[in-house]
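Data first, discussion second: the structure below is written as structure tokens.
Each ligand, and each atom within it, is numbered from 1 in the order the structure gives. Being a predicted model, the structure only gives us computed values, none of them experimental.
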Amino acid sequence: MIEFAGLDTSPYTVHNVFTPTQPAKLTFIDRDIVNNDLIDALETPGTQVVVYGHTGSGKTTLLTNKLEQVYSHHITTRCMKGMTFEQILTEAFDQLTPFYESDRSNSSSESAKGAISASYLAIKSSLEATKIKAVNSTEKRALPPQLTPQALGRLIGNSGQCWVIEDFHKIEATEKDKLSQLLKVFMDLAYEYPCVKIVCLGAVDTARQVVDYDKEMKERVAEIAVPLMTEDELFSIITKGEKLLNIRFNQSTKRKVVKYACGIASICHRLCLNMCTSANIKYKQSTLTVIDDHHFDNAVEKYIRSASDSLKSSFDKALKIRRSTKFDSSTLIIKALSVVPERGLARLNLLKIIKEDEPNYTDHILKSHLIKLTEHEYGAILRYDSNSGLYSFTDPFHRAYAQSLQHTDAKQTTQPQLVRQIFITLKEDYAVIEYESSVEH
Ligand SMILES: Nc1ncnc2c1ncn2[C@@H]1O[C@H](COP(=O)(O)OP(=O)(O)OP(=O)(O)O)[C@@H](O)[C@H]1O
Ligand SMILES: [Mg+2]
């Protein structure tokens with residue numbers, strides 16, 4: 001039989017089970033704390049939804065799985081830096097083509113159906129006309145006057161779909177007010193189309209960072225916070241994967257995967273996938289196959305190798321000197337956080353450590369710089385947990401990189417040396433799990 005690498009079609013291939021870069025289906029586990037709130041919000045006519053939380057916390061996966069229970073179809077717009085509000089409307093409109101071209105209208109009366117189709121066709125032909133113009137000149141594609149938020153809302157409502165807008169926080173501040181107005185339009189359309197709805201997703205700490213909507217809309221916007229995964233949830237993913245592939249990891253290996261993942265499911269999926277690759281497992285096994293502990297080390301090294309470029313680039317962004325200031329805040333914060341336990345520190349405790357080196361450093365400077373280090377422009381090397389009030393490195397790999405920077409000069413170190421250094425740092429950090437596991441046996 002010919003094997004097509006990367007083109008797995010059987011459902012129980014290792015790539016369908018462990019999915020570090022796409023929403024989990026087979027290993028999907030319900031997030032009990034947010035499930036009911038999300039379903040309630042999706043089912044309530046007129047309620048708009050904002051789903052937010054740390055990157056990798058599982059927002060897209062949760063939404064994808066839950067939307068299937070409520071809607072048969074939805075459209076998704078993924079925002080990118082520099083995108084305008086007009087482009088967002090046009091992108092959403094373009095996704096309605098399959099629905100309107102195959103005439104699956106929900107309208108009850110013929111006249112309503114006729115009006116909706118006429119509206120669709122008018123917008124489409126205006127858009128096509130501007131497309132032709134755009135090809136012939138450098139002119140920007142203009143939004144047809146008929147493509148208003150109301151008209152788009154009606155077209156989406158009539159198609160029985162909801163509209164998912166991902167990463168709206170990446171859009172320029174000047175465009176943000178318009179989204180707030182858009183939410184208002186969709187709320188009001190619920191009388192005509194009870195199912196019409198916008199769901200906004202953002203990898204941020206508060207719902208208002210995704211959409212800054214007016215106070216009077218508060219009652220009609222459900223804010224759903226998706227927390228990082230608990231250790232039990234991460235264990236459940238591994239256990240589901242084991243059953244699906246008929247494999248078994250050692251208990252100690254599972255504990256290490258959960259610790260290294262640090263609440264981020266994609267790391268958990270990636271390490272499990274790497275272990276399977278290292279053990280040459282591609283499909284569901286016909287007999288129960290035990291995966292040895294040494295595959296864990298291979299998995300971690302492979303993970304670090306593939307992540308080392310992006311780790312380096314994140315730290316370069318964090319450490320880049322943008323203007324001359326009295327203190328090099330990034331270096332001071334990274335140094336202080338790399339010597340404390342992985343769960344991190346509250347701001348004032350961090351200040352105490354920094355002041356040992358720099359007695360004149362102030363809380364004011366620290367406060368604003370800490371926020372920057374959680375943002376993409378500064379490499380997002382830190383995360384802030386609003387429940388505990390602690391700042392920590394985004395994950396153990398970022399922490400190990402930061403520790404390696406204290407021992408080595410990143411500019412003088414080759415990539416393989418750096419990978420080895422991070423690997424050793426992580427092993428030392430988690431030596432306690434190794435020790436506990438060896439005592440158990
Ligand atoms: N409930 C879940 N059950 C199993 N695996 C999950 C679950 N949620 C997320 N994952 C896995 O975690 C990874 C990240 O999930 P997802 O992309 O949904 O996060 P996100 O919060 O949308 O991230 P981002 O902010 O970067 O878009 C994926 O590999 C996905 O397969
Ligand atoms: Mg996502």
Evaluate the criterion salt bridge (charged side-chain N to carboxylate O under 4.0 Å, His left out) for residue pair Lys259 and Glu342; output intermediate values, then yes/no.
CA-CA 10 Å; Lys259 282 283 174 219; Glu342 65 187 269; over 6 Å; no

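Heavy-atom proximity to Ala203, at under 4.0 Å, picks out these atoms of ligand 1: 25 (O). Those atoms of ligand 1 that come under 4.0 Å of a heavy atom in Ala24, given as number and element, are 4 (C), 5 (N), 6 (C), 30 (C), 31 (O). Those atoms of ligand 1 that come under 4.0 Å of a heavy atom in Phe28, given as number and element, are 1 (N), 2 (C), 3 (N), 4 (C).
Within the 4.0 Å heavy-atom criterion, both parts of Thr19, backbone and side chain, lie near ligand 1.
Each of Asp328, Ile353, Leu350, Ile381 was scored for a side-chain contact (heavy atoms from CB on, under 4.5 Å) with Ile333, with one residue passing: Leu350.
Taking the six-membered ring where the residue is Trp, the centroids of Tyr260 and Phe296 are separated by under 6.0 Å. Ring-centre distance between His369 and Tyr378: below the 6.0 Å cut-off.
Remark: ligand 1 and Ile237 share no N or O pair separated by less than 3.5 Å (distance only, no angle test). Residue Met229 places no N or O, backbone or side chain, under 3.5 Å from any N or O of ligand 1.
Shown here is Lys372, whose NZ atom has more than 12 heavy atoms of other residues, nucleotides or ligands within 6.0 Å.
Among the atoms of Thr60, an N, O or S atom falls under 2.8 Å of the Mg ion (ligand 2).
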